[in-house]
Number of protein chains: 2
Amino acid sequence: MPTARFDPALPPEAAPAAEATPAFLPLYRQIKALMLRGLQEGAWRPGELIPSEKDLAARYRVSQGTVRKAVEELAAENLLVRRQGKGTFVATHAEERVQFRFLRLQPDDGQQEPMQRRFIDCERLRASAEVARALLLATGDAVVHVQRVLSFRGSPVVFDDIWLPGALFKDLTAQRLGDYRGPLYGLFESGFGVRMIRADERIRAVAADASAALHLGVDLGAPLLSVERLSFTYGDVPVELRRGLYDTSSHHYRNQLS
Amino acid sequence: MPTARFDPALPPEAAPAAEATPAFLPLYRQIKALMLRGLQEGAWRPGELIPSEKDLAARYRVSQGTVRKAVEELAAENLLVRRQGKGTFVATHAEERVQFRFLRLQPDDGQQEPMQRRFIDCERLRASAEVARALLLATGDAVVHVQRVLSFRGSPVVFDDIWLPGALFKDLTAQRLGDYRGPLYGLFESGFGVRMIRADERIRAVAADASAALHLGVDLGAPLLSVERLSFTYGDVPVELRRGLYDTSSHHYRNQLS
DNA sequence: ACGCATTTGTTCGTATGTATT
DNA sequence: TAATACATACGAACAAATGCG
């Protein structure tokens, strides 16, 4: 694991966070990349305990401190979870107490609490140009389209349209959606081996159309929050496009800036 | 700097990020707290170079590695900025290239770019119950109320209402607002010694009222994004309440989840 | 242009503390 | 109690970036 230095003359701000193949990485980042591959390839599965720092150090032939830096970064990115005295675990959406890592909607008064789900539709169809572009597919490729409503104490609050690559979610049916208990991303993870690790959201205010008005029980034209989410798995591969319409008359989308 | 251990039996998930006075802190966190106080009291001012790790280690009588951990956390919280070869600096809103750390609005096509400002109003008045509660003032206390519009290539996009504690912003006038070049938080920092370090936002979709429709050039009732922001300075003290109405017909609020 | 000093970044090693089983 | 794992703390050395003479 030598620390080679090639990288001739990258412009200071050139690296676009994507690949520029810097040809050089600090040792701990090389270790991090190796561990990332292990996660990606399923060598270590969600919820599992990974080897101890000492074992990892021996395996990669580096000091424990170097492994520690790699693990720290992976933990900071929510890919691993460290527990003093127990070990380091692969993060999972399944048993995770933090159900609301991705859902930022909150009642104006009081805390977040689980909402009731109702699946309206789950069909296989061909990707529109827009959906294909987002998911890096070709127009007309197979996709799964899911519609659902989330309700808070009986009142519908969220109306979601979800598009998934058909190739990855072959056996997804309304049946399986209805049967599964726990967060949707938990099902994707355990049932399809697709783990969401990051997402970008674009938020807008829109007027309710007929469909939204019906499912959310609001007037036609009522202002709704439109949340377009593109979710990624390892390697920045997009694996879910979702558009949620939120009724924010008694809820709000919460965000922390720092 | 002894490492005392009292802390009897805090429930595992009890610490509400606020104060529980754990009565115990690792050494590096004690150092961090001391440095935080230095920042808060103005011993190290925004933009300034702070002492080197070696100096800090000597000053606090700890190892360089311990100082390093403290500095790393402060840098992760955007209070300090580390520059290899140069030193560690106090973060500032002034010269900062990251003008958009707090403004998440982005044109649907293309990158963020500075918007044109127009100040509509700057008046001193008494805090309403709602404003007082947010800013931890008493109803009727003096506050400064600012209204402004941000425009993108000539078109108004953001209509902001801003409330500030009158006691902190004594000499804030429309004149000073208009004269200042650079981000508003830069003026607050250099002109009033108030540095914003964190903010919470509550986002909703609302219908444009007459005032918003006028200033943003949209129809009455048009859907707008309402962004309520409460900004904090050191010690989680709220120092700004802001409500922005965003026209999201060609812009969107961008958020990254991870 | 070159080298030197300074500062942060990386890597190793060792020892000890704290949490869990 | 003992063993294991992560957390903290110290020390040392070298690398990389910067700025100055």
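Every chain is numbered from 1 and lettered A, B, ... according to where its sequence line falls, protein lines coming before strand lines. The structure displayed is predicted, hence computed values, not measured ones.
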Starting at CD of A:Gln106, measure out to CG of A:Asn255 and round the result to the nearest 0.5 Å.
11.5 Å
Which atom pair, heavy atoms only, marks the closest approach of B:Gly244 to B:Asp160?
CA-OD1, 3.1 Å
From the list C:dC12, D:dA9, C:dT8, which nucleotide is the closest neighbour of the side chain of B:Ser63?
D:dA9
Kindly point out which of C:dC12, D:dA5, D:dC10 is positioned nearest to the side chain of A:Ser52?
D:dA5
Please report the distance, rounded to the nearest Å, between [atom1] in [X] and [atom2] in [N].
X	N	atom1	atom2	result
B:Ile50	C:dT7	CD1	P	12 Å
B:Tyr28	D:dC6	OH	C1'	12 Å
B:Gln64	D:dC10	CD	C1'	11 Å
A:Arg61	C:dG13	CZ	P	12 Å
A:Leu27	C:dT10	CG	P	11 Å
A:Glu53	C:dA19	CD	C1'	14 Å
A:Tyr60	C:dC12	OH	C1'	19 Å
A:Lys54	C:dT14	NZ	C1'	15 Å

With a 4.5 Å limit on heavy-atom distance, are the side chains of [X] and [Y] in contact?
X	Y	result
A:Leu257	B:Glu201	yes
A:Val81	A:Thr92	no
B:Leu56	B:Glu53	no
B:Phe192	B:Leu168	no

Would A:Glu72 and A:Arg68 count as a salt bridge (Lys or Arg N to Asp or Glu O under 4.0 Å) here? Give the steps.
CA-CA 6 Å; A:Glu72 264 167 9; A:Arg68 166 168 287 272; 3.7 Å; yes
By nearest nucleotide on DNA chain C, pick out whichever of A:Arg29 and B:Asp55 is the more 5' one.
B:Asp55
Are the charged groups of B:Glu228 and B:Arg243 less than 4.0 angstrom apart, N to O?
no
With a 4.0 Å cut-off, would you call A:Glu77 and A:Arg198 a salt bridge?
no
Go through residues 66-76 of chain A and report each residue with a non-hydrogen atom lying under 4.0 Å from DNA chain C, sorted by number.
A:Thr66, A:Lys69
Assert yes or no for the condition that the ring centre distance of B:Phe188 to B:His93 is strictly below 6.0 Å.
no
Proximity to DNA chain D (any heavy atom under 4.0 Å), residues of residues 80-89 of chain B only:
B:Gln84, B:Gly85, B:Lys86
Between A:Tyr246 and A:Tyr253, what is the ring plane arrangement, given parallel below 30°, perpendicular above 60°, and tilted in between?
parallel
Terminal axes of the helix from C:dC2-D:dG21 to C:dT21-D:dA2 (5 end pairs apiece), angle rounded to 10 degrees, sit apart by 10°
